[in-house]
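Below is one structure, written out as structure tokens; comments come after it.
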Amino acid sequence: MDKAKASIKRLALQTGIFSAISRLHGPQIVILRYHSILHNPAEHADSIGSGIIHPSAVFGQQMEYVSRTCHPVTMDEVFEFSQGTKNVPPRSVAVTFDDGFEDNLSVAVPILNRCGVPATIYVIAGYVESIPWYCSLRYIFARTQRQSFVDPFSGTMKDLSTPKIRYESFLACSRVCASRPHSEIDEVIAMLEKKLDVEYKPDQPIMLSWDGIRKIIQHGHMIGSHSLSHPNMAYISPEELQVQMSTSRGILEEQVGNKIRHFSYPSPIMEPHWNESTVEVCTTAGYETAVTCTGGAVHSADRPLSLKRIFVPDTLDDFTWALENMFAGRKV
Ligand SMILES: [Zn+2]
């Protein structure tokens with residue numbers, strides 16, 4: 001945000017006009033969507049991707065703002081709110097994380113605990129103590145020294161001579177991987193690693209371990225499912241959809257010993273990332289809520305298996321602007 005714009009927005013917030021407008025709206029909950037929280041985001045920019053990493057200092061400021069000015073709620077409470085069995089106060093906020101990065105425990109949980117904010121962390125059941133395909137894929141195309149390669153999916157020769165072109169190839173391969181069944185994805189990544197002569201082997205684990213997941217629960221936070229292998233749920237077969245929803249839930253329940261009630265639709269690369277079929281399978285798989293990446297707040301009549309969230313901006317000013325607009329019923 002440039003300085004002049006930032007000052008105008010800050011002034012608008014200080015006038016109290018937003019809180020006046022928000023009082024006119026019915027009850028709602030804003031669900032925040034985070035992924036990775038790192039002290040040094042540049043460290044994993046070539047694998048996790050800088051777009052979904054929040055610096056820990058900014059995350060700390062954002063959670064302090066939520067703790068000081070909002071009413072934090074859990075996803076269980078979001079479900080009760082959607083069923084009409086619970087009222088929530090104004091400025092209710094639920095904090096969620098997608099994917100299950102290790103830093104959720106080592107960096108985010110201490111901040112959440114200090115601020116008294118509960119969170120739900122949606123874990124990819126097939127990538128606990130492992131590396132998600134999209135992190136390996138990003139790394140392969142960011143680090144390869146090859147100047148060209150034969151794309152195994154289209155059979156055509158692809159130029160790799162500039163970062164921009166390599167990124168385009170990464171996106172093209174992501175589209176293929178996002179629609180592959182879980183049983184094929186490791187093989188696809190291994191083939192690309194070989195073709196591009198790069199293997200992603202981080203020194204420290206980037207994803208949570210099962211012990212780490214159990215610790216998060218002991219700290220009072222919740223675990224949900226983010227599928228088995230992070231496909232785009234709207235682009236896979238009905239059988240695979242069933243496996244992604246039910247098997248991931250079964251694995252998580254066995255490992256943590258708790259009922260898994262909440263799901264988060266992965267949204268790699270293509271849109272839509274959910275549809276009526278995904279909602280139907282989510283219902284039969286026994287989930288009570290499912291969150292999407294569609295932007296907006298949750299209102300009391302909303303369906304619990306396609307809940308809106310907001311992607312959190314990575315500065316405090318942009319965050320407060322987005323949140324206050326959402327409370328005032330304005331989409332930003
Ligand atoms: Zn995800």
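Counting starts at 1 for both ligands and their atoms, following the listed order.
Geometrically, R33 does not engage F97 in a cation-pi contact defined by less than 6.0 Å to the ring centre and at most 45° from the axis.
Under 4.0 Å is where a charged nitrogen must lie from a carboxylate oxygen, and between R114 and E64 at least one such pair does.
Listed by chain and number, the protein N, O or S atoms at a distance under 2.8 Å from the Zn ion (ligand 1) are D99 OD1, H226 NE2, H230 NE2.
Inspection of the Q28 and S92 side chains reveals no N or O donor paired with an N or O acceptor under 3.5 Å.
Members clustered with M157: V150, by chain and number, using a 4.5 Å side-chain heavy-atom cutoff among hydrophobic residues.
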CA sep, side-chain torsions, deciding dist, call: E276, R303, salt bridge (charged side-chain N to carboxylate O under 4.0 Å, His left out): CA-CA 12 Å; E276 285 309 312; R303 290 198 305 178; 3.0 Å; yes
Verdict with supporting geometry, E324 and R91, salt bridge (charged side-chain N to carboxylate O under 4.0 Å, His left out): CA-CA 9 Å; E324 296 304 331; R91 304 178 65 83; 2.7 Å; yes
